[in-house]
Engineer: 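Submitted below is the structure of interest, expressed as structure tokens.
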Amino acid sequence: MLGDVEAIPAMLTVIDTDPGIDDALALLLAWGSPGVRVDALTTVAGNVPLAAAVTNALRLMALRRPTPAPRISAGAEQPLVRPLWTAVKYHGADGLGDLPGWPPVDVDLVPRDAVPLLLDAARRYGPDLTLIALGPLTNVALALRADAAAMRRIARLVVMGGAVDVPGNVTGTAEFNIYVDPEAAREVLDAGLTVDVVPLDATRQATITRAELEQALGRTPGPLADRIAAFTERGFRVDLGRGSPGMVLHDPLAVGAAIDPTLVGWERVRLAVGDGGETRRASGDPNCRIARTVDLPRFRTMLLDRLCPADRGAS
Ligand code: BDR
Ligand code: CA
């Protein structure tokens, strides 16, 4: 019966994430984007330890109440072979700016099955699925180890990570997500998937000022707008302190480029991952595209129009 047929969204996605202030904005962008259905969230240790990443994913779901609610699962607690290096200096000890007053959530209800969930989505949706990875690539590498053929069926993997022709943000040459788990990044880039990498080369161009965010949130006042203003405060403070003109939107740009690939200018390259998390150009066939330029006015408009929709902001 026609009425029973599930409407196919313009983009079906699974988001692997380690929230994180910019991950939170990226999730809000995806949830506010018409035609985008976030089928599942898989969480990974990165910005914060795994329990905090799961807590934050649940907090954001409780706050925003996306419909349909994504499936959610906990993934890797540690990188493939090294100890976890977090980014709590940037994001706060809890990963979202250390604010009181989040909705209470129960991490114990979330299953520890990120790899089976990634594989289930890959097998179920195959070429209709875009996987977006906003943290270290540990879960994605483990899913590839478990069933590379299933993972290779997905349309596209969009990765926030790397610093190709620009300095890194953890070391002089390494970007955080790749630095935390370079072995995973290497396995993912070598796996033969269609990979789009959104590195610091592009994300450092993608900034918003406090005034721009405040003006946008002022259009839909309410608890969601208040909370976005509160948890981004720390991101603005740290980024402005580092000399950026505003908050740097790493993960939101990756989601934006996943939804609308024309927002960025791409270059096909072969990337090799060094042991220190370097992402270097290498000779040989390209293994990914990297984003190099950003249509900033279009990206800013997209983000600011979608972060806090009227029907959610005022509830
Ligand atoms: C990346 O590192 C994390 O701190 C951010 O969430 C983003 O995914 C930027 O280097
Ligand atoms: Ca992230």
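This structure is a prediction, so every number in the text was calculated from the model and none was measured. Order of appearance sets the numbers: ligands from 1, and atoms from 1 within every ligand.
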Engineer: On a heavy-atom basis, which atom in Arg156 and which in Ala257 lie closest, and how many Å separate them?
Structural biologist: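 Looking at all heavy atoms of both residues, the closest pair is NH2-O, 3.0 Å.
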Engineer: Report all protein residues having a heavy-atom distance below 4.0 Å to some atom of ligand 1; order the list by chain, then number.
Structural biologist: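 Near ligand 1, by chain and number: Asp22, Asp23, Asn47, His91, Leu134, Met160, Asn169, Glu175, Phe176, Asn177, His250, Asp251.
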Engineer: Evaluate the criterion side-chain hydrogen bond (donor to acceptor under 3.5 Å, both in side chains) for residue pair Arg306 and Ser33; output intermediate values, then yes/no.
Structural biologist: CA-CA 6 Å; Arg306 297 178 184 189; Ser33 290; 3.0 Å; yes
Engineer: Ion pair present between Arg289 and Asp196, side-chain N to carboxylate O less than 4.0 angstrom?
Structural biologist: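 Judged by the 4.0 Å cut-off on N to carboxylate O distance, Arg289 and Asp196 do form a salt bridge.
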Engineer: Going by an N to O cut-off under 4.0 Å, is there a salt bridge joining Arg124 and Asp39?
Structural biologist: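 Salt bridge flag = no for Asp39 with Arg124.
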Engineer: If we only look closer than 3.0 Å, how many protein N, O or S atoms does the Ca ion (ligand 2) have near it?
Structural biologist: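 N, O or S atoms of the protein closer than 3.0 Å: 5.
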Engineer: Ion pair present between Asp94 and Arg59, side-chain N to carboxylate O less than 4.0 angstrom?
Structural biologist: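 A salt bridge links Asp94 with Arg59.
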Engineer: Is any side-chain N of the basic residue among Arg210 and Asp239 closer than 4.0 Å to the acidic one's carboxylate O?
Structural biologist: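 No.
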Engineer: Quick check on Trp266: does its CH2 atom have over 12 non-hydrogen neighbours (other residues, nucleotides or ligands) under 6.0 Å away?
Structural biologist: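 More than 12 heavy atoms, drawn from other residues, nucleotides or ligands, come within 6.0 Å of this atom.
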Engineer: Is the side chain of His91 donor-acceptor paired with the backbone N or O of Ile21 at a distance under 3.5 Å, no angle test?
Structural biologist: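 Confirmed, His91 side chain pairs with Ile21 backbone.
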Engineer: Check this for me: does any side-chain nitrogen of one of Arg219 and Glu214 sit under 4.0 Å from a carboxylate oxygen of the other?
Structural biologist: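 No.
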